[in-house]
Amino acid sequence: NQGDSLLLYTDGINEAFNSAQEEYGESRLHNYAQSNYQQSIKSFVSGLIEDVEHFAIGTEQSDDITVLTIKYM
């Protein structure tokens, strides 16, 4: 429907770890999406990547972090 969005991401998002070996996880991703879905696509994606980077600060990631969002206008 008009206004619907689709979020595609690689497992480098939800499987990002912080220095305490905690995973970013599906729950944190879901909470981010629920809190930020009204943003522009560009702001949503850049904000998500920033959120993951902030969560994992100082921890080298072993996987790619890729996000694609499509919004039906």
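Along the sequence shown, the residues carry numbers beginning at 1. What you see below is based on every heavy atom in this structure, not just the backbone, and it leaves out hydrogens, waters and symmetry mates.
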Roughly how far, to the nearest 0.5 Å, is the CD atom of Glu22 from the CZ atom of Arg28? 7.0 Å
Would you call Ile57 and Asn18 a side-chain contact if the rule is heavy atoms closer than 4.5 Å? no
Please check if Leu29 and Ile65 belong to a single hydrophobic cluster, counting links between Ile, Leu, Val, Met, Phe, Trp and Tyr side chain heavy atoms closer than 4.5 Å. yes
How long is the gap from OG on Ser27 to CG on Asn14, to the nearest 0.5 Å? 11.5 Å
Which heavy atom of Ser19 sits nearest to which heavy atom of Thr59, and what is that distance? N-OG1, 3.0 Å
Is the distance between the ring centroids of Tyr32 and Phe44 under 6.0 Å? yes
Check against side-chain hydrogen bond (donor to acceptor under 3.5 Å, both in side chains), Gln34 and Asn31: CA-CA 5 Å; Gln34 287 291 313; Asn31 290 341; over 6 Å; no
Test side-chain contact (heavy atoms from CB on, under 4.5 Å) on Val67 and Ile49; report intermediate values, then the result. CA-CA 8 Å; Val67 179; Ile49 292 171; 4.3 Å; yes
Mark yes or no for whether Asn1, through its side chain, and Asp4, through its backbone, hold a donor-acceptor pair below 3.5 Å. no
Can you measure from CG (Leu48) to OG1 (Thr69) and round to the nearest 0.5 angstrom? 7.5 Å
Joint hydrophobic cluster, Tyr72 plus Ile70, side-chain heavy atoms closer than 4.5 Å: no
At their closest point, which heavy atom of Glu15 faces which heavy atom of Gln61, and how far apart are they? O-OE1, 4.5 Å
To the nearest 0.5 angstrom, please state how far the NE2 atom of His54 sits from the OH atom of Tyr24. 10.5 Å
CG of Leu68 to CD1 of Ile41: how many Å apart, nearest 0.5 Å? 9.0 Å
Identify whether Phe55 and Leu7 are in the same connected component of the hydrophobic contact network (ILVMFWY, side-chain heavy atoms under 4.5 Å). yes
CE on Met73 to OG on Ser5, rounded to 0.5 Å: 9.0 Å
